[in-house]
Every structure is written in C-alpha cells, then in structure tokens.
Amino acid sequence: MTALPDFRQGVLEAVARVPAGTVATYGQIAWMTGYPRRSRQVGMVLKGLPEGTELPWHRIVNAKGYVSSRGRWWCAMLQIRLLREEGIEVDDDGQLDLARHQWPG
DNA sequence: TGATTGACGTTAT
DNA sequence: AATAACGCCAATC
C-alpha cells in the first residue's frame, strides 16, 4: 500500500537471508536490495515491522556495530537479548564487534 | 502543499 | 582524530 512495496519486499528478503549468529548493517541490506544508498529507508521498513514477525530484524545494526533503537528501549532490549541468544557478544549499551560478527555478504 | 524528521552512511573539513 | 555537511526519500507534521 505504501509506495515502493518492491523495495520493502527486497529489504525483507535480504534481512531473511542473514544467517543466525551474524549481523548486517543497514547499508549492507540496502546494497543487497539493489539500492545502495537507501540505508535510511531500510530502517523505516524495519520500524514498521509487526511485533510477532519472524524476520530476524535484530541482526541489523548500524555501521558502527551499534543497536539503533535508542529511543525504543523495549525494542533495543529485545534486540540485544535476541543477539545474545545467537551467541553474539553485545554490550549493555547495544554495542558489538562488527569485525567479528558482521556477515561477509 | 510544503517543511520537518528519521532503526543510516559516506564524504568533506 | 573528531565534527560537520550532504545524500536519500518515505512518513509525518
């Protein structure tokens, strides 16, 4: 319904392809989708996801390897928890080692 | 209809 | 090295 449903769909597919135990950046997802510089839009799509989604949105962090849900404390906490469950070391502030966990893609 | 904002990233200073 | 500015564009005001 909103514009660019194909872009949104592409984002969902790309996120779904990220293997468990690894993380990807917004820019990486945007690149995979075919729109290299729409990292911001990727974030918008993830923001609009329903709670019960099966999509591994928690594996998406910003380029600094840092959880970008700062205002949404509930989402951030959930994301950190999910990442830890996959064996990824995440700081209480939502920071992790990109060089160690980033998906090569 | 126009201006501002924002789960980002890169380039320039 | 740290900070500022720009690009991007849908959603919101």
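Labels below follow one simple rule: chain letters A, B, ... track the order of the sequence lines, proteins then strands, and each chain is numbered from 1.
For A/R8 and C/dA10, the CZ to P distance is 14 Å, given to the nearest whole Å. In this structure, A/M77 atom CE and B/dA7 atom P are separated by 19 Å, rounded to whole Å. Summarising the geometry, the separation between NZ on A/K47 and P on B/dT5 is reported as 13 Å, rounded to the nearest angstrom.
With sequence neighbours left out, A/R81 forms a salt bridge (Lys or Arg N to Asp or Glu O under 4.0 Å) with A/E85. Evaluation of the side-chain hydrogen bond (donor to acceptor under 3.5 Å, both in side chains) rule for A/S69 yields A/Q79 as partners, not counting sequence neighbours. Residues that satisfy the side-chain hydrogen bond (donor to acceptor under 3.5 Å, both in side chains) test with A/S68, not counting sequence neighbours, are A/N62. Taking the side chain to side chain contact (heavy atoms under 4.5 Å, CB included) definition, one finds that A/T33 meets it with A/F7, A/V11, A/A14, A/I29, A/Y35, sequence neighbours left out. A search for side-chain hydrogen bond (donor to acceptor under 3.5 Å, both in side chains) contacts involving A/Q95 returns nothing, not counting sequence neighbours.
Residue pairs meeting the salt bridge (charged side-chain N to carboxylate O under 4.0 Å, His left out) criterion with at least one partner in residues 40-69 of chain A, sequence neighbours excluded, are A/R59-A/E86. Within the structure, salt bridge (charged side-chain N to carboxylate O under 4.0 Å, His left out) contacts touching residues 92-105 of chain A (residues at least two apart or in different chains) are A/R84-A/D92, A/E89-A/R100.
Taking atom P on both nucleotides, C/dA5 is separated from B/dT5 by 16 Å, rounded to a whole Å.
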- Note on the structure: Quick tally for nucleotides 8-13 of chain B: nucleotides whose base has a protein heavy atom under 4.0 Å get B, sugar-phosphate-only ones S, the rest -, giving BS----

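If you check residues 80-103 of chain A against DNA chain B, you find no residue with a heavy atom closer than 4.0 Å.
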